[in-house]
S.K.: 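Here you go, one structure.
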Protein chains: 2
Amino acid sequence: MAVESLPEPWSSVSDRLRRRGLRWTPQRRTVIEVLAGADGHVTGAELVERCRGRDASTIPSTVYRTLDVLEELGLVRHGHDANGREEFHVLPAAEHGHLHCRQCGATWEIGDERATAVAAALRGADGFEVDIGHVTLVGRCADCVARTVATS
Amino acid sequence: MAVESLPEPWSSVSDRLRRRGLRWTPQRRTVIEVLAGADGHVTGAELVERCRGRDASTIPSTVYRTLDVLEELGLVRHGHDANGREEFHVLPAAEHGHLHCRQCGATWEIGDERATAVAAALRGADGFEVDIGHVTLVGRCADCVARTVATS
DNA sequence: CTCGCTATTGCAACGAGTCGCAATAGTCAC
DNA sequence: GTGACTATTGCGACTCGTTGCAATAGCGAG
């Protein structure tokens with residue numbers, strides 16, 4: 001799939017890069033193609049793997065550096081999964097968050113309203129503006145809490 | 001400093017381990033000594049380094065495995081810093097959380113009340129019990145927000 | 001004190017990133 | 001087109017952890 005025929009905002013990435021004095025390279029093209037075919041969240045390692053699928057000569061550091069640039073363009077946003085590993089949000093839209101139950105291992109998303117409520121609770125007195133989507137919050141889901149009476 | 005002369009809960013670790021069918025080893029002793037001299041939060045790498053200071057033959061995997069065991073005893077709790085790296089809370093007491101400003105790089109703690117408020121906001125409809133202290137929340141502090149009019 | 005069971009260690013290899021640096025190759029100007 | 005300027009790449013080394021496995025060594029029993 002040619003990058004030019006991808007939907008926005010992917011098709012204009014090359015121009016946006018050049019306008020900033022940055023360059024459009026085959027390696028970046030590969031990353032864009034992969035991102036256009038992804039959605040929601042993908043780990044860094046997974047993105048590297050998919051790039052390698054399109055171009056076996058892909059080097060990890062190049063992918064990560066490209067992702068840094070794309071983050072500056074607002075096309076991805078990086079965060080961390082429950083194990084602290086790099087995780088990328090493709091085309092970050094509404095504010096949202098991630099919950100992970102350490103007992104059953106399940107993961108949820110929380111939507112805009114709740115994410116905003118949490119941000120408000122956190123802003124509190126000192127005005128800190130949290131990016132709730134950056135991390136994966138860990139805890140225990142209602143089912144697991146109910147299932148266990150006393151377990152740390 | 002002999003472990004036996006350390007204050008509780010450190011001095012009783014050997015017994016607690018044995019009672020569980022686990023063992024008291026020189027390597028674990030080293031970790032305990034280091035933990036007793038630490039407070040608040042320490043990264044995994046830092047702990048390994050300090051252990052190496054007491055015993056040059058310290059092996060990282062042994063330290064991490066010991067920390068896992070101590071977490072089961074409730075003596076430490078692991079979490080992740082702003083970069084997703086392993087971070088340990090020594091003698092976790094009150095619920096608390098961590099904030100990190102991605103712009104100025106400063107880090108704060110939030111106390112029990114606010115941490116509880118956030119947990120409440122998050123619990124919301126589905127009853128998820130978050131361990132707010134597990135991760136370091138990232139965002140921007142009030143000063144940096146004020147200082148910047150328009151910066152993603 | 002000795003024995004045996006098995007928890008723990010040390011080691012080596014691996015996974016996920018990050019970083020510095022020399023070589024390569026986009027881009028823009030002419 | 002050609003050239004020069006410099007952003008980017010590829011590579012190697014390194015950090016932080018994790019895991020499997022064979023060898024070691026706690027610890028309770030007798």
Side-chain angles (χ1 to χ4, degrees), chain A residues 3 13-32 41-52 54-73 76-88 102 134-136, chain B residues 3 13-32 34 41-52 54-73 76-88 134-136:
Chain A
V3 168
V13 173
S14 53
D15 287 341
R16 293 182 62 196
L17 286 173
R18 277 190 280 254
R19 229 176 290 135
R20 292 190 175 210
L22 305 179
R23 297 173 186 173
W24 181 238
T25 68
Q27 295 82 351
R28 291 188 171 168
R29 177 199 196 63
T30 302
V31 175
I32 292 297
H41 329 97
V42 208
T43 63
E46 174 68 19
L47 286 174
V48 169
E49 205 42 55
R50 294 190 196 172
C51 285
R52 226 193 274 281
R54 290 178 172 263
D55 174 359
S57 69
T58 297
I59 265 75
S61 59
T62 297
V63 175
Y64 286 110
R65 285 188 287 220
T66 296
L67 287 165
D68 285 348
V69 172
L70 296 179
E71 182 155 20
E72 236 142 272
L73 296 189
V76 300
R77 218 146 98 187
H78 89 281
H80 299 279
D81 71 10
N83 298 311
R85 297 273 151 77
E86 210 70 9
E87 181 166 73
F88 292 87
R102 71 154 52 94
H134 189 78
V135 294
T136 297
Chain B
V3 167
V13 173
S14 53
D15 287 341
R16 294 181 62 197
L17 286 174
R18 277 190 280 255
R19 229 175 291 134
R20 293 188 174 212
L22 304 181
R23 296 174 187 173
W24 181 238
T25 67
Q27 294 82 351
R28 290 188 173 168
R29 178 198 195 65
T30 302
V31 174
I32 292 297
V34 166
H41 328 97
V42 208
T43 61
E46 175 66 20
L47 286 173
V48 169
E49 206 41 56
R50 293 191 197 171
C51 285
R52 228 193 273 282
R54 290 179 171 262
D55 174 358
S57 69
T58 297
I59 265 73
S61 59
T62 297
V63 175
Y64 287 111
R65 284 188 286 220
T66 295
L67 288 165
D68 286 348
V69 172
L70 296 179
E71 183 156 19
E72 235 141 273
L73 297 189
V76 300
R77 219 146 98 186
H78 91 280
H80 299 280
D81 72 9
N83 298 312
R85 295 272 152 79
E86 212 67 12
E87 182 165 72
F88 291 87
H134 189 78
V135 293
T136 297

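In what follows, every chain begins at residue 1, and chains take the letters A, B, ... in the order their sequences are listed. Quick caveat, the model's predicted, so the values are computed rather than measured.
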S.K.: Looking at A/Arg23, is its backbone amide N or carbonyl O close enough to the side chain of A/Arg28 to form a donor-acceptor pair, meaning the two atoms are under 3.5 Å apart?
M.R.: yes
S.K.: Nearest whole Å is fine: how far is D/dT18 P from B/Glu71 CD?
M.R.: 11 Å
S.K.: Run the side chain to side chain donor-acceptor pair (under 3.5 Å) test against A/Glu86 and tell me which residues pass, sequence neighbours left out.
M.R.: none
S.K.: B/Arg50: what forms a side chain to side chain donor-acceptor pair (under 3.5 Å) with it, not counting sequence neighbours?
M.R.: B/Glu46
S.K.: For a quick test of reading the model, state the closest non-hydrogen atom pair linking B/Val135 to A/Thr136 and the distance between them.
M.R.: CG1-O, 3.5 Å
S.K.: Identify the heavy atoms of B/Arg18 and B/Trp24 that sit nearest to each other, and give their distance.
M.R.: NH1-CB, 3.6 Å
S.K.: Within the structure, does a side-chain N or O atom of A/Gln27 lie under 4.0 Å from either OP1 or OP2 of D/dG10?
M.R.: yes
S.K.: What pair of heavy atoms forms the shortest contact from B/Ala82 to A/His134, and how long is it?
M.R.: O-NE2, 4.2 Å
S.K.: Can you check the A/Leu47 CG to C/dA16 P distance for me, whole Å?
M.R.: 12 Å
S.K.: Angle between the end axes of the helix from C/dC1-D/dG30 to C/dC14-D/dG17, five pairs per end, to the nearest 10 degrees?
M.R.: 30°
S.K.: Hey, does the side chain of B/Arg85 reach the backbone of B/Thr43 with a donor-acceptor pair shorter than 3.5 angstrom?
M.R.: no
S.K.: Dump the pairs, protein N or O against N or O of nucleotides 27-30 of chain C, anything under 3.5 Å, distances to one decimal.
M.R.:
residue : atom : partner : partner atom : Å
C/dT27  : OP1  : A/Arg18 : NH1          : 2.9
C/dT27  : OP1  : A/Trp24 : N            : 2.6
C/dT27  : OP1  : A/Trp24 : O            : 3.3
C/dT27  : OP2  : A/Arg18 : NH1          : 3.2

S.K.: Give the rounded distance in Å between these two atoms: CG of A/Asn83 and C1' of D/dT18.
M.R.: 11 Å
S.K.: Do the side-chain N or O atoms of A/Thr62 get closer than 4.0 angstrom to the phosphate oxygens (OP1, OP2) of D/dG10?
M.R.: yes
S.K.: List, with names and distances, any nitrogen or oxygen atoms from the protein found under 3.5 Å away from nitrogen or oxygen atoms belonging to nucleotides 14-17 of chain D.
M.R.:
residue : atom : partner : partner atom : Å
D/dG17  : OP1  : B/Glu86 : N            : 2.4
D/dG17  : OP2  : B/Ala45 : N            : 2.9
D/dG17  : OP2  : B/Tyr64 : OH           : 3.0
D/dG17  : O5'  : B/Tyr64 : OH           : 3.1

S.K.: Figure out the NE2/C1' separation between A/His78 and C/dA16, and round it to whole Å.
M.R.: 14 Å
S.K.: For C/dT18, take OP1 and OP2 only and decide whether either is under 4.0 Å from a side-chain N or O of A/Arg65.
M.R.: no
S.K.: Please give, in whole Å, the distance from C/dA16 P to A/Phe88 CZ?
M.R.: 13 Å
S.K.: Verify side chain to side chain contact (heavy atoms under 4.5 Å, CB included) between B/Glu87 and B/His80, making sure each step is shown before the conclusion.
M.R.: CA-CA 5 Å; B/Glu87 182 165 72; B/His80 299 280; over 6 Å; no
S.K.: Angle class for the A/Phe88/A/His78 ring planes (parallel below 30°, perpendicular above 60°, tilted otherwise)?
M.R.: tilted
S.K.: Measuring from B/Leu17:CG to B/Ile32:CD1, what's the distance to the nearest 0.5 Å?
M.R.: 7.5 Å
S.K.: Grab the CG-P distance between B/Asp68 and D/dT18 for me, whole Å please.
M.R.: 7 Å
S.K.: Using whole Å, what does the distance between atom P of nucleotide D/dA7 and atom CG of A/Leu70 come to?
M.R.: 17 Å
S.K.: Could you list all the side chain to side chain donor-acceptor pair (under 3.5 Å) pairs where at least one residue sits in residues 55-64 of chain B, not counting sequence neighbours?
M.R.: B/Asp55-B/Ser57, B/Ser61-B/Arg65
S.K.: Rounded to whole Å, how long is the line connecting atom CZ of B/Arg20 with atom C1' of D/dG26?
M.R.: 18 Å
